[in-house]
**Q** 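Please find one structure pasted underneath; my questions will follow.
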Amino acid sequence: MERRTIGAATLDVGAIGLGCMPMNWAYTGSRQRGEESLRAVHAALDRGSTLLDTADMYGPFTNELLVGRVLKERRSEAFVSTKVGLLVGEQHIVANGRPGYVRRACDASLRRLQTDVIDLYQLHRADPEIPVEETWGAMADLVSAGKVRSLGLCAVGARSARRSGARLHDGTIRQLERVQQVFPVSAVEAELSVWSTEALDALLPWCAARGVGFLAAMPLGNGFLTGTLTPGEGFEPDDLRARHPRFTAEMMAANQPIVVGLRRIARRHGLLGNTVTPAQVALAWVLAQGRHVVPVPGAKRERWVTENAGAAGLQLTAEDLAEVAALPGAQGSWD
């Protein structure tokens, strides 16, 4: 697989990563099987998808434990990204950016991941009660201590920005400019996909201008862009899409023209003798947005991991990119 660098040239990863969250959290619980997920992580490493993206809150904790079972055998082949800063309660999620907590959380993540160093440690969300510089300083101390190799920041929530009329990622950029004064940012993780392109406006250019890597979260639109979801089929109550405005039967039907367009491009490439899927076209589009961009599609089955990895070899033409740009915008709120 093609290799890409995140931030400093030493952070070398496969062009397509693996989002591990669906294996333990936020998606249909009845389809989460540990052994199947382990095979998926192994398959990712086999195919060059070396970036494994997890977080202590996924599960909580169980996702890091699962990834750790693979790292125990194959640590040298993997680039490990995990996150800190969010605590999961019974019915709520709260931020905790206190320096003491960050240090304890890192040690706990290292134990669960069965490793002595985290390649990329990301701040999941800033704590509104703690200056972000204090939290980032504690994370920088972990780099000095040899427990972490580099630091990243996840994009902040977008609802307040939309209400105020500001650009979607203005808040994230303000945070980035503050923490850059404390310790360099190696990567930013934010949503980017064919049906959610807001990062192209300001956040992606900000990263490109500063040599900061961009991890594209949800590059398959929570599964919608794969073309495998049926409008009206419904989701189990524990699946985040069951409460998501874009995943009502009405909105899924209204947004089918996006999938139809991706399928049309896939068919055109398939005429060359290869099987190409809408998901691979969607991932290839993300890859085409810059050499500093690494899509991190979530998956929990070996089949999907293999398909996603295959997108790294798909080169979209100028005609393809123009066709994607001409697709109708997604309907329905994303909040």
**Q** Which word best sums up how the rings of Phe214 and His292 line up, parallel for under 30°, tilted for 30 to 60°, or perpendicular for over 60°?
**A**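 The arrangement is perpendicular - the two ring planes meet at more than 60°.
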**Q** Taking a hydrophobic cluster as the set of Ile, Leu, Val, Met, Phe, Trp and Tyr residues connected by side-chain heavy atoms closer than 4.5 Å, whether directly or through intermediates, do Val260 and Leu321 fall within one such cluster?
**A**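 No.
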**Q** Quick test of your reading of the model: are Lys300 and Glu36 salt-bridged, counting only N-O distances below 4.0 Å?
**A**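 No salt bridge links Lys300 with Glu36.
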**Q** Give the C-alpha distance, both sets of side-chain angles, the deciding distance and a yes or no for side-chain contact (heavy atoms from CB on, under 4.5 Å) between Asp320 and Arg268.
**A** CA-CA 9 Å; Asp320 297 330; Arg268 193 158 61 232; 2.7 Å; yes
**Q** Might you confirm whether atom CZ of Arg98 has over 12 heavy atoms from other residues, nucleotides or ligands at distances under 6.0 Å?
**A**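 Incorrect, the count does not exceed 12.
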**Q** More than 12 heavy atoms of other residues, nucleotides or ligands under 6.0 Å from CD of Glu250: is that the case?
**A**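 No, not enclosed.
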**Q** Do Leu176 and Arg210 come close enough that some side-chain heavy atom pair is under 4.5 Å?
**A**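 A side-chain contact under 4.5 Å is absent here.
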**Q** Going by heavy atoms in the side chains, are Val281 and Arg263 under 4.5 Å from each other?
**A**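 No, side chains not in contact.
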**Q** Any side-chain donor paired with an acceptor under 3.5 Å for Ser144 and Asp141?
**A**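 Checked: Ser144/Asp141 side chains show no N/O donor-acceptor pair below 3.5 Å.
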**Q** With salt bridge (charged side-chain N to carboxylate O under 4.0 Å, His left out) as the criterion, how do Arg69 and Glu35 come out once you've worked through the C-alpha distance, each side chain's angles and the decisive distance to 0.1 Å?
**A** CA-CA 11 Å; Arg69 291 174 63 185; Glu35 293 304 315; 3.2 Å; yes
**Q** Are Met1 and Trp304 grouped together when hydrophobic residues (ILVMFWY) are joined by side-chain heavy atoms under 4.5 angstrom apart?
**A**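 No.
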**Q** Could you check whether any side-chain heavy atom of Tyr58 comes within less than 4.5 Å of a side-chain heavy atom of Lys83, counting everything from C-beta outward?
**A**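 With C-beta onward as the side chain, the pair touches.
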**Q** Check whether Leu262 and Leu220 end up in the same hydrophobic cluster, where Ile, Leu, Val, Met, Phe, Trp and Tyr are linked by side-chain heavy atoms less than 4.5 Å apart.
**A**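 No, no single cluster joins them.
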**Q** In sequence, state the C-alpha distance, the side-chain angles, and the governing distance for Tyr121 and Cys106, and then conclude on side-chain contact (heavy atoms from CB on, under 4.5 Å).
**A** CA-CA 9 Å; Tyr121 203 37; Cys106 179; 3.5 Å; yes
**Q** Would you say Met252 ends up clustered with Leu327 if hydrophobic residues are merged whenever their side chains have heavy atoms under 4.5 Å apart, either directly or through other cluster members?
**A**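 Yes; tracing contacts between hydrophobic side chains, which count when under 4.5 Å, links both residues.
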**Q** Can you name the nearest heavy-atom pair linking His269 to Gln315, along with the distance?
**A**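 Shortest heavy-atom contact: CE1-O, 3.3 Å.
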**Q** Using the rule side chain to side chain contact (heavy atoms under 4.5 Å, CB included), only one of Ser150, Ser109, Ser81 pairs with Ile118; which is it?
**A**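 With Ile118 as partner, Ser150, Ser109, Ser81 yield a single side chain to side chain contact (heavy atoms under 4.5 Å, CB included), made by Ser109.
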**Q** Looking at Val102, Val84, Val179, Asn96, which one forms a side chain to side chain contact (heavy atoms under 4.5 Å, CB included) with Thr135?
**A**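 Of all the options given, the one that passes is Val102.
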**Q** Under 6.0 Å from the CZ atom of Arg303, do we count more than 12 heavy atoms belonging to anything else shown?
**A**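 Open: at most 12 neighbouring heavy atoms sit under 6.0 Å from CZ of Arg303.
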**Q** Determine whether Leu18 and Asn308 make a side-chain contact, defined as any pair of heavy atoms from C-beta on separated by less than 4.5 Å.
**A**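 SC-SC contact between Leu18 and Asn308 ruled out.
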**Q** Quick check against the 3.5 Å criterion: does Arg3 have a side-chain atom that pairs as donor or acceptor with the backbone of Asp12?
**A**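 Confirmed, Arg3 side chain pairs with Asp12 backbone.
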**Q** May I ask you to decide whether Arg75 forms a salt bridge with Asp119, counting only side-chain N to carboxylate O separations under 4.0 Å?
**A**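 Salt bridge present between Arg75 and Asp119.
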**Q** Is Val148 reachable from Leu52 through a run of I, L, V, M, F, W or Y residues, each pair having side-chain heavy atoms under 4.5 Å apart?
**A**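 Yes, Leu52 and Val148 fall within the same hydrophobic cluster.
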**Q** What I'd like to find out is whether the side chain of Leu110 reaches to under 4.5 Å of the side chain of Asp116, using heavy atoms alone.
**A**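 The answer is no, as the side chains (C-beta and beyond) never meet within the 4.5 Å cut-off.
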**Q** Tell me, with the steps shown, if Ile6 and Leu51 meet side-chain contact (heavy atoms from CB on, under 4.5 Å).
**A** CA-CA 10 Å; Ile6 297 175; Leu51 192 155; 3.5 Å; yes
